[in-house]
Amino acid sequence: MNMDVRTFPDQPRLLISRDAIHHNLRLIRQRLLPGTKICAMVKADAYGHGADLICDTLCNFESDHLPTPAVDILGVGCMEEAAGLAETSLPVLVLRAVENGYVGPARQAIEHAIRAGWVLTIGSCSCADDIARIAMSLHKRAMVHVMIDSGMTRCGCSIESLSELLKKIDSQTSLSLYSLGTHLATADAPNDPYIIEQLGRFRSATDSFINQRERKPIRTVANSGGIFFAPATHMNMVRPGISMYGIDPTCTPNMNRPLKPVAKWVANLISILDAKAGACIGYGRTWRADRDTRIGLVPVGYADGYSRCFGGRAMMIVNGVGVPVVGRVSMDLVTLDLHDVPQAQIGDDVVVMDDDPMSPASPYALADLANTIPYELLTRIGPRVKRVPTQRFATESTEHTEVGVGD
Ligand SMILES: *Cc1c(COP(=O)(O)O)cnc(C)c1O
(Lines give C-alpha, C1' and ligand atoms only; values in the text may rest on other atoms or scores of the structure.)
Protein backbone atom coordinates (compact mmCIF):
# COMPACT_ATOMS: atom_id res chain seq x y z
CA MET A 1 0.00 0.00 0.00
CA ASN A 2 1.23 3.43 -0.86
CA MET A 3 1.34 5.34 2.43
CA ASP A 4 1.04 9.04 1.81
CA VAL A 5 -0.58 12.07 3.39
CA ARG A 6 -4.00 10.69 2.65
CA THR A 7 -3.14 7.74 4.86
CA PHE A 8 -1.97 10.03 7.64
CA PRO A 9 -4.16 13.08 7.20
CA ASP A 10 -2.97 14.73 10.41
CA GLN A 11 0.69 14.65 9.50
CA PRO A 12 2.36 18.07 9.56
CA ARG A 13 2.30 19.42 6.03
CA LEU A 14 3.51 22.31 3.97
CA LEU A 15 0.59 23.46 1.85
CA ILE A 16 1.86 24.80 -1.45
CA SER A 17 -0.44 27.20 -3.27
CA ARG A 18 -0.16 26.89 -7.02
CA ASP A 19 -2.22 30.06 -7.32
CA ALA A 20 0.25 32.00 -5.20
CA ILE A 21 3.12 30.91 -7.45
CA HIS A 22 1.18 32.12 -10.47
CA HIS A 23 0.26 35.36 -8.73
CA ASN A 24 3.91 36.05 -7.90
CA LEU A 25 4.99 35.26 -11.44
CA ARG A 26 2.40 37.71 -12.76
CA LEU A 27 3.87 40.42 -10.50
CA ILE A 28 7.32 39.54 -11.79
CA ARG A 29 6.25 39.49 -15.47
CA GLN A 30 4.58 42.89 -15.05
CA ARG A 31 8.01 44.35 -14.32
CA LEU A 32 9.63 42.87 -17.43
CA LEU A 33 9.68 43.93 -21.04
CA PRO A 34 7.88 41.45 -23.30
CA GLY A 35 10.24 38.71 -24.42
CA THR A 36 12.38 38.75 -21.29
CA LYS A 37 12.96 35.15 -20.27
CA ILE A 38 12.43 33.85 -16.75
CA CYS A 39 14.76 31.29 -15.24
CA ALA A 40 12.85 29.98 -12.22
CA MET A 41 15.29 29.13 -9.44
CA VAL A 42 14.32 25.73 -8.04
CA LYS A 43 17.59 24.97 -6.29
CA ALA A 44 17.57 23.57 -2.74
CA ASP A 45 14.35 21.64 -3.39
CA ALA A 46 12.71 24.83 -4.65
CA TYR A 47 13.71 26.78 -1.54
CA GLY A 48 12.24 24.01 0.59
CA HIS A 49 8.86 24.00 -1.16
CA GLY A 50 9.43 20.73 -3.02
CA ALA A 51 11.00 20.95 -6.47
CA ASP A 52 8.67 18.35 -8.01
CA LEU A 53 5.60 20.23 -6.94
CA ILE A 54 6.93 23.61 -8.00
CA CYS A 55 8.15 22.37 -11.39
CA ASP A 56 4.84 20.59 -11.94
CA THR A 57 3.03 23.84 -11.21
CA LEU A 58 5.31 25.87 -13.46
CA CYS A 59 5.19 23.44 -16.37
CA ASN A 60 1.74 21.88 -16.32
CA PHE A 61 -0.76 24.34 -14.87
CA GLU A 62 -2.43 27.13 -16.76
CA SER A 63 -3.14 30.51 -15.26
CA ASP A 64 -4.48 33.83 -16.53
CA HIS A 65 -2.00 36.19 -18.16
CA LEU A 66 0.78 33.61 -18.02
CA PRO A 67 2.09 31.32 -20.72
CA THR A 68 2.20 27.55 -20.12
CA PRO A 69 4.85 26.70 -19.05
CA ALA A 70 4.87 29.82 -16.89
CA VAL A 71 8.66 30.19 -17.13
CA ASP A 72 11.33 29.57 -19.75
CA ILE A 73 14.04 27.66 -17.94
CA LEU A 74 14.69 26.04 -14.54
CA GLY A 75 17.75 26.89 -12.42
CA VAL A 76 19.33 24.37 -10.05
CA GLY A 77 22.44 24.45 -7.89
CA CYS A 78 24.15 21.27 -8.99
CA MET A 79 23.86 18.28 -11.28
CA GLU A 80 22.35 16.05 -8.57
CA GLU A 81 19.49 18.50 -8.27
CA ALA A 82 19.01 18.54 -12.03
CA ALA A 83 18.91 14.74 -12.03
CA GLY A 84 16.24 14.83 -9.32
CA LEU A 85 13.83 16.90 -11.38
CA ALA A 86 10.98 15.13 -13.11
CA GLU A 87 11.08 14.93 -16.89
CA THR A 88 10.51 18.43 -18.28
CA SER A 89 10.43 20.10 -21.64
CA LEU A 90 12.18 23.18 -20.21
CA PRO A 91 15.91 23.72 -20.37
CA VAL A 92 17.75 23.28 -17.06
CA LEU A 93 20.60 25.57 -15.99
CA VAL A 94 23.09 24.06 -13.53
CA LEU A 95 24.73 26.90 -11.61
CA ARG A 96 27.69 25.28 -9.91
CA ALA A 97 30.63 25.44 -12.25
CA VAL A 98 32.02 22.16 -13.54
CA GLU A 99 35.61 21.57 -12.49
CA ASN A 100 38.07 18.78 -13.28
CA GLY A 101 35.49 17.00 -15.34
CA TYR A 102 37.55 14.87 -17.66
CA VAL A 103 38.80 12.29 -15.21
CA GLY A 104 37.12 10.45 -12.37
CA PRO A 105 33.48 10.08 -11.44
CA ALA A 106 32.58 13.63 -12.49
CA ARG A 107 32.87 12.53 -16.09
CA GLN A 108 29.85 10.24 -15.94
CA ALA A 109 27.74 13.03 -14.50
CA ILE A 110 28.86 15.38 -17.26
CA GLU A 111 28.08 12.79 -19.93
CA HIS A 112 24.63 12.46 -18.43
CA ALA A 113 24.23 16.24 -18.34
CA ILE A 114 25.22 16.65 -21.99
CA ARG A 115 22.84 13.89 -23.10
CA ALA A 116 20.07 15.48 -21.05
CA GLY A 117 20.77 18.86 -22.67
CA TRP A 118 21.38 20.72 -19.39
CA VAL A 119 23.16 24.04 -19.62
CA LEU A 120 26.44 23.65 -17.72
CA THR A 121 28.25 26.52 -16.04
CA ILE A 122 31.92 26.94 -16.82
CA GLY A 123 34.39 29.34 -15.29
CA SER A 124 37.73 28.40 -16.80
CA CYS A 125 39.38 27.35 -20.05
CA SER A 126 40.39 23.98 -18.69
CA CYS A 127 36.79 23.29 -17.80
CA ALA A 128 35.68 24.35 -21.28
CA ASP A 129 38.23 21.93 -22.75
CA ASP A 130 37.00 19.09 -20.55
CA ILE A 131 33.37 19.55 -21.47
CA ALA A 132 34.22 20.01 -25.14
CA ARG A 133 36.15 16.74 -25.27
CA ILE A 134 33.43 14.82 -23.46
CA ALA A 135 30.74 16.25 -25.75
CA MET A 136 32.86 15.40 -28.78
CA SER A 137 33.19 11.80 -27.65
CA LEU A 138 29.39 11.61 -27.38
CA HIS A 139 28.88 13.28 -30.78
CA LYS A 140 26.81 15.90 -29.02
CA ARG A 141 26.95 19.62 -28.51
CA ALA A 142 27.09 20.84 -24.90
CA MET A 143 25.22 23.98 -23.92
CA VAL A 144 27.28 26.21 -21.63
CA HIS A 145 26.75 29.21 -19.40
CA VAL A 146 29.57 31.52 -18.36
CA MET A 147 29.14 33.10 -14.95
CA ILE A 148 31.26 36.23 -14.65
CA ASP A 149 32.50 37.66 -11.35
CA SER A 150 31.55 41.33 -11.64
CA GLY A 151 32.28 42.16 -8.02
CA MET A 152 30.68 39.65 -5.69
CA THR A 153 34.06 37.92 -5.43
CA ARG A 154 32.71 34.49 -4.73
CA CYS A 155 32.76 32.47 -7.92
CA GLY A 156 32.77 32.82 -11.67
CA CYS A 157 35.19 33.77 -14.39
CA SER A 158 37.15 36.96 -13.72
CA ILE A 159 36.64 39.83 -16.12
CA GLU A 160 40.36 39.70 -17.00
CA SER A 161 40.17 36.10 -18.18
CA LEU A 162 36.80 36.37 -19.90
CA SER A 163 37.94 37.06 -23.46
CA GLU A 164 40.28 34.08 -23.42
CA LEU A 165 37.45 31.84 -22.19
CA LEU A 166 35.02 33.13 -24.82
CA LYS A 167 37.60 32.53 -27.56
CA LYS A 168 38.10 29.03 -26.23
CA ILE A 169 34.36 28.32 -26.33
CA ASP A 170 34.07 29.70 -29.85
CA SER A 171 36.93 27.52 -31.00
CA GLN A 172 35.25 24.34 -29.75
CA THR A 173 32.61 23.13 -32.18
CA SER A 174 31.13 20.83 -29.55
CA LEU A 175 30.29 23.77 -27.26
CA SER A 176 27.36 26.11 -27.71
CA LEU A 177 27.31 29.29 -25.63
CA TYR A 178 23.80 29.57 -24.21
CA SER A 179 24.24 32.45 -21.81
CA LEU A 180 26.50 34.90 -20.03
CA GLY A 181 25.63 35.90 -16.50
CA THR A 182 26.65 37.55 -13.31
CA HIS A 183 25.23 37.64 -9.80
CA LEU A 184 24.48 40.76 -7.76
CA ALA A 185 25.86 41.16 -4.25
CA THR A 186 23.48 43.82 -2.96
CA ALA A 187 20.22 43.54 -4.90
CA ASP A 188 18.21 43.03 -1.68
CA ALA A 189 18.77 46.72 -0.93
CA PRO A 190 16.72 49.02 -3.20
CA ASN A 191 18.86 51.77 -4.74
CA ASP A 192 22.18 50.31 -3.67
CA PRO A 193 24.66 51.90 -6.11
CA TYR A 194 26.74 48.72 -6.21
CA ILE A 195 24.01 47.07 -8.33
CA ILE A 196 24.65 49.54 -11.12
CA GLU A 197 28.40 49.29 -10.64
CA GLN A 198 28.27 45.52 -11.14
CA LEU A 199 25.94 45.89 -14.11
CA GLY A 200 28.36 48.40 -15.66
CA ARG A 201 31.29 46.01 -15.28
CA PHE A 202 29.28 43.14 -16.73
CA ARG A 203 28.13 45.20 -19.69
CA SER A 204 31.51 46.60 -20.54
CA ALA A 205 32.96 43.11 -20.35
CA THR A 206 30.31 41.64 -22.68
CA ASP A 207 28.79 44.39 -24.89
CA SER A 208 31.24 44.25 -27.76
CA PHE A 209 31.28 40.45 -27.75
CA ILE A 210 27.47 40.42 -28.01
CA ASN A 211 27.32 43.15 -30.63
CA GLN A 212 29.66 41.41 -33.05
CA ARG A 213 27.78 38.12 -33.00
CA GLU A 214 25.06 36.90 -35.26
CA ARG A 215 23.60 34.40 -32.79
CA LYS A 216 23.62 36.22 -29.49
CA PRO A 217 23.80 34.33 -26.22
CA ILE A 218 21.36 35.31 -23.48
CA ARG A 219 22.62 37.77 -20.87
CA THR A 220 21.31 37.42 -17.33
CA VAL A 221 22.03 39.50 -14.23
CA ALA A 222 18.94 39.96 -12.06
CA ASN A 223 17.84 37.89 -9.10
CA SER A 224 14.60 38.91 -7.32
CA GLY A 225 16.11 42.15 -6.04
CA GLY A 226 17.32 43.11 -9.51
CA ILE A 227 13.89 42.38 -10.97
CA PHE A 228 12.11 44.77 -8.60
CA PHE A 229 14.74 47.41 -7.89
CA ALA A 230 16.91 47.73 -10.99
CA PRO A 231 15.12 47.35 -14.36
CA ALA A 232 18.42 47.98 -16.17
CA THR A 233 19.58 44.57 -14.90
CA HIS A 234 16.78 42.61 -16.61
CA MET A 235 18.59 42.19 -19.96
CA ASN A 236 17.39 39.00 -21.75
CA MET A 237 16.64 36.81 -18.76
CA VAL A 238 15.95 37.19 -15.03
CA ARG A 239 16.44 34.58 -12.31
CA PRO A 240 13.80 34.95 -9.60
CA GLY A 241 13.99 32.74 -6.54
CA ILE A 242 12.61 34.13 -3.30
CA SER A 243 10.04 36.42 -4.94
CA MET A 244 8.49 33.53 -6.85
CA TYR A 245 7.95 31.88 -3.46
CA GLY A 246 6.19 35.04 -2.33
CA ILE A 247 8.81 36.60 -0.09
CA ASP A 248 9.83 40.20 -0.65
CA PRO A 249 13.47 40.52 -1.75
CA THR A 250 14.09 42.98 1.10
CA CYS A 251 12.95 40.26 3.53
CA THR A 252 10.30 42.70 4.84
CA PRO A 253 6.73 42.69 3.48
CA ASN A 254 6.05 45.57 1.10
CA MET A 255 2.59 46.41 -0.15
CA ASN A 256 3.95 48.04 -3.32
CA ARG A 257 4.87 44.50 -4.29
CA PRO A 258 2.10 42.38 -2.81
CA LEU A 259 3.81 39.02 -3.17
CA LYS A 260 1.93 36.08 -1.67
CA PRO A 261 3.84 33.52 0.39
CA VAL A 262 3.42 30.19 -1.38
CA ALA A 263 3.89 27.92 1.64
CA LYS A 264 1.69 27.48 4.68
CA TRP A 265 2.91 25.04 7.32
CA VAL A 266 0.05 23.32 9.10
CA ALA A 267 -0.11 20.64 11.80
CA ASN A 268 -2.79 19.45 14.22
CA LEU A 269 -3.17 19.48 17.98
CA ILE A 270 -2.39 15.92 19.03
CA SER A 271 -3.16 16.39 22.71
CA ILE A 272 -4.33 18.97 25.20
CA LEU A 273 -3.59 18.81 28.91
CA ASP A 274 -4.76 20.87 31.83
CA ALA A 275 -1.94 22.61 33.64
CA LYS A 276 -2.40 24.10 37.09
CA ALA A 277 -1.03 27.51 37.95
CA GLY A 278 2.62 27.03 38.90
CA ALA A 279 3.24 24.02 36.63
CA CYS A 280 6.46 24.16 34.59
CA ILE A 281 6.37 23.11 30.95
CA GLY A 282 8.94 20.97 29.14
CA TYR A 283 12.73 20.60 29.24
CA GLY A 284 14.55 22.85 31.63
CA ARG A 285 11.26 24.05 33.16
CA THR A 286 11.75 27.34 31.33
CA TRP A 287 8.09 28.41 31.39
CA ARG A 288 5.75 28.41 34.36
CA ALA A 289 1.97 28.78 34.04
CA ASP A 290 0.94 31.82 36.09
CA ARG A 291 -2.71 30.70 36.00
CA ASP A 292 -4.60 27.52 35.29
CA THR A 293 -4.42 26.89 31.56
CA ARG A 294 -4.47 24.27 28.85
CA ILE A 295 -1.31 23.16 27.06
CA GLY A 296 -1.60 22.00 23.44
CA LEU A 297 0.87 19.62 21.86
CA VAL A 298 1.94 20.04 18.21
CA PRO A 299 3.99 17.32 16.47
CA VAL A 300 6.62 19.67 15.03
CA GLY A 301 10.10 20.27 16.44
CA TYR A 302 13.56 21.49 15.68
CA ALA A 303 14.18 18.31 13.66
CA ASP A 304 11.63 19.72 11.23
CA GLY A 305 13.37 23.07 11.01
CA TYR A 306 11.22 24.74 13.66
CA SER A 307 14.11 26.44 15.38
CA ARG A 308 14.82 25.77 19.03
CA CYS A 309 15.12 29.49 19.51
CA PHE A 310 11.36 29.83 18.95
CA GLY A 311 10.69 28.38 22.40
CA GLY A 312 9.08 31.07 24.55
CA ARG A 313 9.15 33.56 21.64
CA ALA A 314 7.17 32.50 18.56
CA MET A 315 3.43 32.24 17.96
CA MET A 316 1.33 29.65 16.19
CA ILE A 317 -2.25 30.23 15.02
CA VAL A 318 -5.08 28.12 16.48
CA ASN A 319 -8.65 28.82 15.36
CA GLY A 320 -7.50 32.14 13.95
CA VAL A 321 -5.91 33.26 17.23
CA GLY A 322 -2.18 33.73 17.77
CA VAL A 323 -1.05 31.60 20.72
CA PRO A 324 2.43 31.54 22.26
CA VAL A 325 4.89 28.68 21.96
CA VAL A 326 5.77 28.04 25.60
CA GLY A 327 8.67 26.11 27.09
CA ARG A 328 11.45 24.73 24.94
CA VAL A 329 10.99 23.45 21.40
CA SER A 330 11.80 19.72 21.48
CA MET A 331 13.09 17.61 18.61
CA ASP A 332 9.60 16.45 17.63
CA LEU A 333 7.19 18.52 19.72
CA VAL A 334 6.13 22.02 20.56
CA THR A 335 3.87 23.12 23.43
CA LEU A 336 1.35 25.95 23.13
CA ASP A 337 -0.47 27.90 25.82
CA LEU A 338 -4.11 27.56 24.75
CA HIS A 339 -5.46 29.91 27.42
CA ASP A 340 -6.88 32.33 24.83
CA VAL A 341 -8.58 29.65 22.72
CA PRO A 342 -10.83 27.78 25.18
CA GLN A 343 -12.76 26.21 22.30
CA ALA A 344 -9.63 24.50 20.85
CA GLN A 345 -9.90 20.72 20.61
CA ILE A 346 -7.63 17.81 19.81
CA GLY A 347 -7.37 17.54 16.03
CA ASP A 348 -7.73 21.26 15.36
CA ASP A 349 -5.48 22.78 12.72
CA VAL A 350 -2.47 24.71 13.94
CA VAL A 351 -0.70 27.12 11.61
CA VAL A 352 3.00 26.71 12.32
CA MET A 353 4.11 29.14 9.61
CA ASP A 354 1.47 31.33 8.03
CA ASP A 355 1.05 32.41 4.42
CA ASP A 356 -0.18 35.84 5.47
CA PRO A 357 2.78 38.26 5.42
CA MET A 358 1.28 40.21 8.33
CA SER A 359 0.66 37.18 10.57
CA PRO A 360 2.65 36.84 13.79
CA ALA A 361 3.68 33.43 12.42
CA SER A 362 4.71 34.73 8.97
CA PRO A 363 8.02 33.61 7.48
CA TYR A 364 9.23 37.18 8.07
CA ALA A 365 8.34 37.11 11.76
CA LEU A 366 9.87 33.66 12.30
CA ALA A 367 13.04 34.50 10.40
CA ASP A 368 13.45 37.66 12.49
CA LEU A 369 13.10 35.66 15.70
CA ALA A 370 15.72 33.20 14.48
CA ASN A 371 17.98 36.09 13.54
CA THR A 372 18.03 34.95 9.94
CA ILE A 373 16.23 35.53 6.64
CA PRO A 374 13.20 33.72 5.18
CA TYR A 375 15.52 31.96 2.69
CA GLU A 376 17.14 30.01 5.52
CA LEU A 377 13.92 29.39 7.38
CA LEU A 378 12.22 27.94 4.28
CA THR A 379 15.12 25.78 3.14
CA ARG A 380 15.39 24.24 6.61
CA ILE A 381 11.85 22.86 6.72
CA GLY A 382 12.56 19.15 7.05
CA PRO A 383 11.48 16.12 5.05
CA ARG A 384 8.92 14.92 7.62
CA VAL A 385 6.77 17.89 6.67
CA LYS A 386 4.89 16.67 3.60
CA ARG A 387 4.63 19.11 0.71
CA VAL A 388 1.00 19.14 -0.43
CA PRO A 389 -0.41 21.14 -3.35
CA THR A 390 -3.47 23.28 -2.79
CA GLN A 391 -5.68 25.35 -4.97
CA ARG A 392 -7.46 28.47 -3.88
CA PHE A 393 -10.93 29.04 -5.23
CA ALA A 394 -11.11 32.80 -5.32
CA THR A 395 -14.91 32.81 -5.57
CA GLU A 396 -15.44 30.72 -2.44
CA SER A 397 -13.08 31.86 0.27
CA THR A 398 -9.46 32.54 0.97
CA GLU A 399 -9.13 29.20 2.73
CA HIS A 400 -6.91 26.59 1.23
CA THR A 401 -8.58 23.52 -0.15
CA GLU A 402 -6.23 20.61 0.08
CA VAL A 403 -6.02 18.24 -2.80
CA GLY A 404 -4.40 14.85 -2.66
CA VAL A 405 -0.87 14.33 -3.89
CA GLY A 406 -0.10 11.83 -6.57
CA ASP A 407 -3.53 11.98 -8.18
C1 LIG B 1 19.75 31.64 -5.83
C2 LIG B 1 20.13 32.44 -7.01
C3 LIG B 1 19.24 33.34 -7.60
C4 LIG B 1 17.90 33.70 -6.99
O5 LIG B 1 18.06 34.68 -5.99
P6 LIG B 1 16.80 35.29 -5.21
O7 LIG B 1 17.36 36.35 -4.35
O8 LIG B 1 16.21 34.17 -4.42
O9 LIG B 1 15.85 35.79 -6.24
C10 LIG B 1 19.61 33.96 -8.78
N11 LIG B 1 20.82 33.71 -9.33
C12 LIG B 1 21.72 32.88 -8.78
C13 LIG B 1 23.04 32.68 -9.43
C14 LIG B 1 21.41 32.22 -7.59
O15 LIG B 1 22.30 31.39 -7.05
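As a basis for the values below, the full set of heavy atoms in this structure was taken, side chains included, without hydrogen atoms, waters or symmetry mates. Each ligand, and each atom within it, is numbered from 1 in the order the structure gives.
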of all protein heavy atoms, closest to atom 12 (C) of ligand 1 is H183 CE1, 3.3 Å
Are any of the N/O atoms in I242 less than 3.5 Å from those in ligand 1?
-> yes
Nearest protein heavy-atom contact for atom 9 (O) of ligand 1: which residue, which atom, what distance?
-> S224 OG, 2.5 Å
Is there a heavy atom in Y245 that sits closer than 4.0 Å to ligand 1?
-> no
Looking only at heavy atoms, is any part of D188 under 4.0 Å from ligand 1, and if so is it the side chain, the backbone, or both, or is it neither?
-> neither
Could you tell me whether D72 and R29 make a salt bridge, using a distance below 4.0 angstrom between a side-chain N and a carboxylate O?
-> yes
Any donor-acceptor pair under 3.5 Å linking the side chain of N24 with the backbone of K260?
-> yes
May I have the step-by-step check of ring-ring contact (aromatic ring centres under 6.0 Å, His included) for H49 and Y245, ending in yes or no?
-> CA-CA 8 Å; H49 293 68; Y245 304 105; 4.5 Å; yes
Is the closest side-chain donor-acceptor distance between T250 and D248 under 3.5 Å?
-> yes
May I ask you to identify the nearest protein heavy atom to atom 1 (C) of ligand 1, giving residue, atom name and distance to one decimal place in Å?
-> K43 NZ, 1.4 Å
Taking atom 7 (O) of ligand 1 as the reference point, the nearest protein heavy atom with its distance | Y375 OH, 2.6 Å
Over all atoms of both residues, closest heavy-atom pair of M358 and P253 = CE-CB, 3.9 Å
Polar proximity ligand 1 side, G225 side, N/O cut 3.5 Å exclusive = no
Got a donor-acceptor contact below 3.5 angstrom from the E81 side chain to the A44 backbone?
-> yes
Short N/O distance, under 3.5 Å, between Y47 and ligand 1?
-> yes
Closest protein heavy atom to atom 11 (N) of ligand 1, given as residue, atom name and distance to 0.1 Å | R239 NE, 2.8 Å
State, yes or no, whether a side-chain contact exists between V325 and Y306 at a heavy-atom distance under 4.5 Å.
-> yes
Touching ligand 1 at all, M147? Heavy atoms, strictly under 4.0 Å?
-> yes
D170/R213 salt bridge by N-O under 4.0 Å criterion = yes
